[in-house]
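Encoded as structure tokens, the structure appears first; notes follow it.
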Amino acid sequence: MAAESASAIQRSQVDLLEHIDWRGIECLNQSGTHTVANALKQGYREDDGLNLESDADEQLLIYIPFTQIIKLHSIVIKGPEEDGPKTVKLYSNKENMGFSNVNDYPPSDTVELSAENIKGKPVVLKYVKFQNVRSLTIFIEDNQSGSEVTKVQKIALYGTTVETTDMKGLKKIEDQH
């Protein structure tokens, strides 16, 4: 299975962790003691003893802004067999979403996480829907067992950055000729 997981993430795709704008992250319905940092931050997300937990019910709404525009290829959402996420809706560039309006927007992609996925197997997304991503909203709708609490051990995003071309720089070079 390890070889299969490794092949799901192409060589050109990188962990986008360093491109997350940590100051802008929001997570609705998270437990006060088991926050989104446990699932997202390097080191924390590798510790199966730490996790993000939902509070009032099984749903979680996570907003992740990036420091630059990215192309999102695949996602890893790891959780326990019973309480791990099941239905996950992903929204590209949707800001200020809440539980009251999350169903007003069509998701960029909807993923049903299998037992293999919540053990760490990457889910390849509809790549064309995630080409110019400034932010990602992850709506975890339910969990594997239908229990009241959803637990997420790891969220990892894989893709590439969109390099911007400095048009002024190009013009200056033309002017020199």
Side-chain angles (χ1 to χ4, degrees), residues 2 4-31 34-48 50-54 59-79 84-85 87-98 101-102 105-111 113 117-141 150-170:
E4 184 181 329
S5 292
S7 65
I9 299 171
Q10 299 172 356
R11 288 177 200 256
S12 60
Q13 309 305 320
V14 298
D15 186 338
L16 295 167
L17 187 69
E18 68 183 70
H19 302 292
I20 292 174
D21 181 357
W22 294 99
R23 294 165 300 171
I25 291 178
E26 293 178 12
C27 184
L28 302 181
N29 195 40
Q30 68 182 340
S31 159
H34 297 89
T35 66
V36 70
N38 289 347
L40 211 50
K41 285 196 169 180
Q42 188 74 41
Y44 291 20
R45 66 183 189 178
E46 281 74 30
D47 184 340
D48 288 344
L50 293 175
N51 53 46
L52 162 62
E53 288 184 17
S54 62
Q59 296 185 335
L60 287 161
L61 191 60
I62 305 163
Y63 174 75
I64 304 170
F66 297 98
T67 56
Q68 60 184 294
I69 297 173
I70 57 114
K71 293 181 181 184
L72 187 61
H73 176 267
S74 53
I75 187 169
V76 171
I77 300 180
K78 189 176 167 189
T87 308
V88 179
K89 294 181 179 178
L90 303 165
Y91 301 84
S92 175
N93 303 325
K94 290 283 183 228
E95 298 182 7
N96 304 315
M97 290 179 72
N101 69 353
V102 72
Y105 304 102
S108 303
D109 204 352
T110 300
V111 177
L113 297 176
N117 293 135
I118 64 168
K119 289 178 185 168
K121 181 181 177 190
V123 176
V124 177
L125 303 173
K126 294 177 185 166
Y127 196 51
V128 294
K129 301 275 189 169
F130 298 96
Q131 290 297 298
N132 288 298
V133 181
R134 292 178 310 280
S135 66
L136 179 70
T137 301
I138 302 171
F139 175 45
I140 297 174
E141 196 166 42
T150 298
K151 297 179 181 178
V152 181
Q153 295 166 328
K154 178 179 186 174
I155 298 172
L157 307 169
Y158 295 94
T160 57
T161 57
V162 176
E163 301 297 330
T164 55
T165 304
D166 181 5
M167 298 309 283
K168 289 178 185 173
L170 291 178

More than 12 heavy atoms from other groups under 6.0 Å of CG on N101
yes
For a 4.5 angstrom cut-off between non-hydrogen side-chain atoms, does T161 reach Q68?
yes
Quick check: closest heavy atoms across T35 and Q30, and the distance to 0.1 Å?
CA-OE1, 3.2 Å
Looking at NE2 of H34 and NZ of K151, how far apart are the two atoms once the value is rounded to the nearest 0.5 Å?
7.5 Å
Shortest non-hydrogen contact from L28 to G98?
CD1-CA, 3.9 Å
Going from CD on Q153 to CD on E46, what distance comes out if it is rounded to the nearest 0.5 angstrom?
11.5 Å
Find out whether F130 and K71 are in side-chain contact, i.e. whether some heavy atom of one side chain is under 4.5 Å from a heavy atom of the other.
no
Indicate yes or no: at least one non-hydrogen side-chain atom of I75 is less than 4.5 angstrom from one of L125.
yes
Does the side chain of Q13 pick up a donor-acceptor pair with the side chain of H73 at under 3.5 Å?
no
Is P107 close to L90 at the side-chain level, that is, under 4.5 Å between some pair of heavy atoms?
no
Value for CG (L61) from OH (Y91), rounded to nearest 0.5 Å, stands at 8.0 Å
Using the rule given for side-chain contact (heavy atoms from CB on, under 4.5 Å), can you reason through D21 versus I64, listing the C-alpha separation, both sets of side-chain angles and the distance that settles it, and then say yes or no?
CA-CA 7 Å; D21 181 357; I64 304 170; over 6 Å; no
Under the 3.5 angstrom rule, does the side chain of N51 hit a backbone N or O of N38 as a donor-acceptor pair?
no
Under a 4.0 Å N-O cut-off, is there an ion pair linking D15 with R45?
yes
Just list the side-chain donor-acceptor pairs under 3.5 Å for residues 134-141, sequence neighbours left out, or say none.
from	atom 1	to	atom 2	distance (Å)
T137	OG1	K94	O	3.0
E141	OE2	K89	NZ	3.4

Positive for side-chain contact (heavy atoms from CB on, under 4.5 Å) with P85, one of V111, L60, V152:
V152
Looking at side-chain heavy atoms only, is the closest gap between I77 and V123 below 4.5 Å?
no
Is the shortest side-chain heavy-atom distance between V88 and L113 below 4.5 Å?
yes
Between L17 and W22, is a side-chain contact (heavy atoms from CB on, under 4.5 Å) present by the stated rule, with each step listed?
CA-CA 10 Å; L17 187 69; W22 294 99; 3.6 Å; yes
Within a strict 4.5 Å, meaning less than it, do heavy atoms of the T67 and I20 side chains meet?
no
Heavy-atom closest contact (M97 atom, V102 atom, distance)
CE-CG2, 3.5 Å
Within a strict 4.5 Å, meaning less than it, do heavy atoms of the L72 and L157 side chains meet?
yes
Let's go through I155 and I62 carefully: what are the C-alpha distance in whole Å and the side-chain angles of both, what is the deciding distance for side-chain contact (heavy atoms from CB on, under 4.5 Å) to 0.1 Å, and is it a yes or a no?
CA-CA 11 Å; I155 298 172; I62 305 163; 3.7 Å; yes
Please report the C-alpha distance between V76 and Y158 in whole Å, then the side-chain angles of each, then the deciding distance to 0.1 Å, and finally whether the side-chain contact (heavy atoms from CB on, under 4.5 Å) criterion is met.
CA-CA 8 Å; V76 171; Y158 295 94; 3.7 Å; yes
Taking all atoms of both residues into account, what is the closest heavy-atom pair of V128 and Q131, and its distance?
O-CG, 3.6 Å
Pair K154 + D48: basic N to acidic O under 4.0 Å:
no
Determine the minimum heavy-atom distance between T150 and S54, stating which atoms define it.
N-OG, 2.8 Å
